[in-house]
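For the numbers below, each heavy atom of this structure counts, side chains included, while hydrogens, waters and symmetry mates do not. Given the structure is predicted, the values throughout are model-derived calculations rather than measurements.
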Amino acid sequence: MSSIAIVGAGPGLGLAVARTFGSRGFDVALISRNRAKLDELAGLLKAEGITAEAFPADVLDRDALTQALKDAATHFGGIDVLEYSPVGGAGSTTLTVPTEIEPFHVQHEIEFQLYGAIAATRAVLPAMREAGAGTLLYTTGAGSIDPVPQVGNVNAAAAALRNWVINLHKELDGTGVQAAHVGIDVAIGSNADAVVAGFPTAPAEQISPVYWELHTTDRDKAERVFRV
């Protein structure tokens, strides 16, 4: 049985990715900081016949994140796919334009996006390399590619994550382990969810097949950008 660990699991994209893989026979490890919400998501998946378990951890606590992924690997007999897409809440992320950014505005996002991704990767990659198989998928907004002033600090950190992922893809070429970046050039959900007024939107269920394709038919690709 194969398994996927979703770091940043929530009721939007994380749940959609869980359903995309779970409906194809994958066990699902759900990782985020809120135990009650994780248990709720796991219950939804179980009701659909998908094996899912909650492993609470805050991505800013790298020791806890590492342990959660190790616990998931022990529970499911390994992690075949890692999907990293945590989303900061309004209380933790202060959006700043480039001219108003202070170093600490970017530092928080670097901790959240890049350093968390590195910690998660270090927890699962050694076993993947030993097995000669595995998939590592990382999500940012498409501002990591074409930045938007309103979210300048978030874009700067996301661009750092994207750079590292594409470089990781190059390093892992020929090892059997795939690493890829997904840039999402839409607001996920309704127009009310858009940070930038008038930004296009799409449901999470329309985006999640991209992750399955990067795991299966698009393993040679370092990046996919979702647009409508």
Side-chain angles (χ1 to χ4, degrees), residues 6-17 31-34 37 56-66 82-122 136-169 179-204 206-207 210-211 222-228:
I6 299 175
V7 179
L13 182 63
L15 181 59
V17 172
I31 300 172
S32 71
R33 60 187 175 181
N34 190 308
K37 291 181 180 178
D58 188 333
V59 299
L60 294 175
D61 184 340
R62 290 189 277 279
D63 288 341
L65 176 58
T66 297
L82 169 71
E83 194 277 314
Y84 186 88
S85 58
V87 177
S92 65
T93 300
T94 301
L95 303 178
T96 50
V97 298
T99 55
E100 296 178 3
I101 287 176
E102 297 281 353
F104 72 87
H105 290 134
V106 179
Q107 182 61 39
H108 173 79
E109 291 301 316
I110 287 285
E111 295 274 352
F112 191 71
Q113 297 195 56
L114 178 61
Y115 295 168
I118 291 172
T121 303
R122 289 178 63 85
L136 304 162
L137 302 172
Y138 309 84
T139 306
T140 72
S144 62
I145 305 165
D146 183 15
V148 179
Q150 292 95 321
V151 288
N153 58 322
V154 175
N155 286 171
L161 174 57
R162 173 181 181 256
N163 179 285
W164 177 77
V165 173
I166 292 174
N167 216 10
L168 180 63
H169 175 90
H181 169 252
V182 179
I184 300 179
D185 199 16
V186 297
I188 302 173
S190 68
N191 284 308
D193 298 324
V195 174
V196 181
F199 203 65
T201 64
Q206 190 176 340
I207 303 168
V210 170
Y211 295 81
E223 182 173 64
R224 288 276 304 273
V225 180
F226 180 89
R227 296 185 174 96
V228 294

- Item | Asp61: partners by salt bridge (Lys or Arg N to Asp or Glu O under 4.0 Å), with sequence neighbours left out | none

- Message: For Arg224, give me all partners under salt bridge (Lys or Arg N to Asp or Glu O under 4.0 Å), at least two apart in sequence or on another chain.
- Response: Glu213, Asp218

Spacing of [X] atom [atom1] and [Y] atom [atom2] [to the nearest 0.5 Å]:
X: Ile188; Y: Phe226; atom1: CD1; atom2: CZ; answer: 9.0 Å
X: Ile118; Y: Leu65; atom1: CD1; atom2: CG; answer: 12.0 Å
X: Leu60; Y: His108; atom1: CG; atom2: NE2; answer: 6.0 Å
X: Ile184; Y: Ile207; atom1: CD1; atom2: CD1; answer: 4.5 Å
X: Asn34; Y: Asp58; atom1: CG; atom2: CG; answer: 11.0 Å
X: Tyr84; Y: Leu137; atom1: OH; atom2: CG; answer: 14.0 Å

Looking only at heavy atoms, which two atoms of [X] and [Y] are closest? And how far apart?
X: Gly189; Y: Thr201; value: O-CB, 3.3 Å
X: Ala180; Y: Val165; value: C-CG1, 3.4 Å
X: Leu161; Y: Leu114; value: CA-CD1, 3.9 Å
X: Ala119; Y: Thr66; value: O-OG1, 4.1 Å

- Sequence neighbours left out, what pairs pass ring-ring contact (aromatic ring centres under 6.0 Å, His included) with at least one residue falling in residues 140-163? none

All N/O donor-acceptor pairs, side-chain side in residues 96-105, below 3.5 Å, sequence neighbours left out:
residue: Thr96; atom: OG1; partner: Asn153; partner atom: OD1; Å: 3.2
residue: His105; atom: ND1; partner: Glu102; partner atom: N; Å: 2.9

- So, does Asn155 use its side chain to make a donor-acceptor pair with the main chain of Val148 at under 3.5 Å? yes

- Message: Checking Tyr211 now: which residues fulfil ring pair (Phe, Tyr, Trp, His ring centres under 6.0 Å) with it, not counting sequence neighbours?
- Response: none

What residues form a side-chain hydrogen bond (donor to acceptor under 3.5 Å, both in side chains) with [X], not counting sequence neighbours?
X: Glu111; result: Arg62, Gln107
X: Asn167; result: none
X: Thr140; result: Ser144, His181
X: Tyr138; result: Thr121

- Could you tell me which residues satisfy side-chain contact (heavy atoms from CB on, under 4.5 Å) with Ala157, sequence neighbours excluded, listed by chain and number? Glu109, Ile110, Gln113

- Query: Taking only residues two or more places apart in sequence, or in another chain, which ones meet Pro11 in a side-chain contact (heavy atoms from CB on, under 4.5 Å)?
  - Reply: Leu41

pair [X]-[Y]: side-chain heavy atoms closer than 4.5 Å:
X: Glu223; Y: Arg162; answer: yes
X: Val228; Y: Gln206; answer: yes
X: Thr139; Y: Glu83; answer: yes

- Message: For residues 141-160, which residue pairs pass the salt bridge (Lys or Arg N to Asp or Glu O under 4.0 Å) check, not counting sequence neighbours?
- Response: none

